[in-house]
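Note that the structure is predicted; figures quoted are calculated from it, not measured. Each ligand, and each atom within it, is numbered from 1 in the order the structure gives.
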Amino acid sequence: MTRPEDPGFENATDSTDATDVAKERDFIRQIVADDVAAGRNGGRVHTRFPPEPNGYLHIGHAKSIHLNYGIAQEFGGKFNLRFDDTNPETEETEYVESIMRDVRWLGANWEDRLFYASDYFDTLYAWAVHLIEHGKAYVCSLSEDEVRAYRGTVTEPGRPSPDRDRPIAESLAMFARMRAGEFPDGKYTLRAKIDMAHPNMKMRDPLLYRIKHASHHRTGDKWCIYPFYDFTHGQSDAIEGITHSICTLEFEVNRPLYDWFIQNLPVPHEPHQYEFARLNLSYTIMSKRKLLQLVRDGHVSGWDDPRLPTICGLRRRGYTPEAIREFNQRIGVAKADSTVDYSLLEWAIRDHLNRVAPRVMAVLRPLKVVLTNYPQGQVEQLTCVNNPEDPAAGTRQVPFARELWIEQDDFREDAPAKFFRLRPGGEVRLKHAYLIRCEEVVKNERGEIVELRCTYDPATRSGEAQDGRKVKGTLHWVSCAHAVEAEVRLYDHLFNRPLPEEGDGFIANLNPASLEALRGCKLEPSLAAARPGDRVQFLRNGYFCADSEDCRPGKLVFNRTATLKDTWAKIAALSG
Ligand code: ATP
Ligand code: MG
């Protein structure tokens, strides 16, 4: 990880690379505004966030949550949280609970409108029967592989299933027997009868129901047949009165099928689907299947590993909901896929923490300084401003004494001309305190520097020399006798490449240096009382957050949320 070169304290408020994207109306908000103006849906606006509870939420889901919830708020509408839980095998209550926690944390409020697609299983079953009765669905005996083979290709039409013209009464009876549990898994399916030559493959007699003798996290063993996602999603929106069914671009091809269901079923309401480009972020992956693989195979410590783009990972890393919302506003909503640079997310968290995080001093790689002319046993309590950006944050006392810790990096024996930190015979300012001069370098028998012997100038309490001599460098420090120890975890990108799927795939592109845990870091004593989740700026070292899992009284652990500046530099052109 590169370290910022002499970030002066004045520069600690970060510059931004982010372009000032106007917060104008995106195309989806424009559609909603037009619908409201035209009085469509009786002027109602109703959106939802429909996760499948088969993993933890990530920053991409946050985009969808902020879009759906934001629209409901802006147009005086309603917002539902609905779990699309049609697959009994991959879904778990653990995921349901984490998703609710994350949606709430992100600031979206579904009030009393928490729903589950599984609550609609009876209705969906009745609607499947309705299609059979109208000659629009049939029980099919083809295996999964055969169904695929019969479907044809984009250039060739499909072939009809031998069961396509099964008499209605027979399909009805067989569907009832499927439900009654008379057949093993995979023996039969229920399929819609649409068009085996349709140019859109989704319309070639899609599967509606499968036999699966599996317990469901909510319906238990009530069902042994389960509707497919495609036969559930749009109808669930119809049942809930969703006016604008907002989803990501890959569902564009499903829209004709969803519309077909709506047109052919006795639904109480007709939702309309609109697609937007999903969020892709450089140096990270978002597929739940791949995130699960990283967790299961131990490449990360869990779903909340601070290197992951999961909401719980970002929270543990120290991200705030405000920063994530600001990030989402910046990137906007588009109709074409692109990859957003990770540095934009970092810009958002720096921008927020710069305003709210108190500044404190912490030495990550300590080197001892002894002030030979400072009275033995004397301690001065220095009054330090907590946050120059926020006068209401007040001040605190920081002890200063004869023996101090500074960063190893802040001293160089053979320093180049432009090195403004400490060098033999050189002078620097200690933040909030005095000017000091390095008089002697103490080494051990291996030639390693173990201590600096310095003098301080008692007349420089203001931080400036009385005689007008200029001192450029300002260092942070911690009094040895008063320091509290901590483990500090520094993070780099989880992947080596901006597009982790490139080359030999995302596992091969894992960055072996993505976590560096520093033990024996020295923190100013005010941090002894840090509580899990507390966010601070360690002067010159970045923004940090007390770890929510491992930090406790007597064992402090901090995660670096972000460096003070964009050390990964340029915004690469990744769109495509
Ligand atoms: P995966 O494909 O990895 O399983 P998913 O998109 O299927 O993820 P869902 O639980 O179905 O996960 O997603 C819930 C909602 O979040 C959907 O409406 C989906 O469109 C949206 N969403 C998922 N990923 C993103 C993303 N990267 N950007 C924007 N919206 C997303
Ligand atoms: Mg999905």
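The proximity of F276 to ligand 1, defined as any non-hydrogen pair under 4.0 Å, is limited to the side chain.
Of the N and O atoms on the side chains of Y56 and E94, at least one donor lies less than 3.5 Å from an acceptor on the other residue. No side-chain donor from either of N328 and K63 sits under 3.5 Å from a side-chain acceptor of the other.
Ring centers of Y125 and F175: under 6.0 Å apart, within the cut-off. If you look at Y342 and Y283, their ring centroids are not closer than 6.0 Å.
For ligand 1, the atoms lying closer than 4.0 Å to a non-hydrogen atom of E52 are 9 (P), 10 (O). Shown in contact with S64 at under 4.0 Å from a heavy atom are these atoms of ligand 1, numbered in order with element: 16 (O), 21 (C), 30 (N).
In the candidate list P50, P51, S287, P50 is nearest to atom 17 (C) of ligand 1, counting heavy atoms. With I285, N54, L279 as candidates, the residue nearest to atom 28 (N) of ligand 1 on a non-hydrogen basis is L279.
The N/O atoms of T248, backbone and side chain alike, include one that comes under 3.5 Å of an N/O atom in ligand 1. Considering backbone and side-chain N/O atoms, K288 comes within less than 3.5 Å of an N/O atom of ligand 1.
Put simply, part of F49 is less than 4.0 Å from ligand 1, judged by heavy atoms. Assignment of H58 to the shell around ligand 1 is supported, since a heavy atom sits closer than 4.0 Å.
Considering D205, V139, L142, T189 as possible partners of S161, the one that fulfils the side chain to side chain contact (heavy atoms under 4.5 Å, CB included) test is L142.
Residues forming a side-chain contact (heavy atoms from CB on, under 4.5 Å) with V295 (at least two apart in sequence, or on another chain): V300, W303, L308. Shown here are the side-chain contact (heavy atoms from CB on, under 4.5 Å) partners of D550, two or more places apart in sequence or in another chain: R316, R489, D547, V557.
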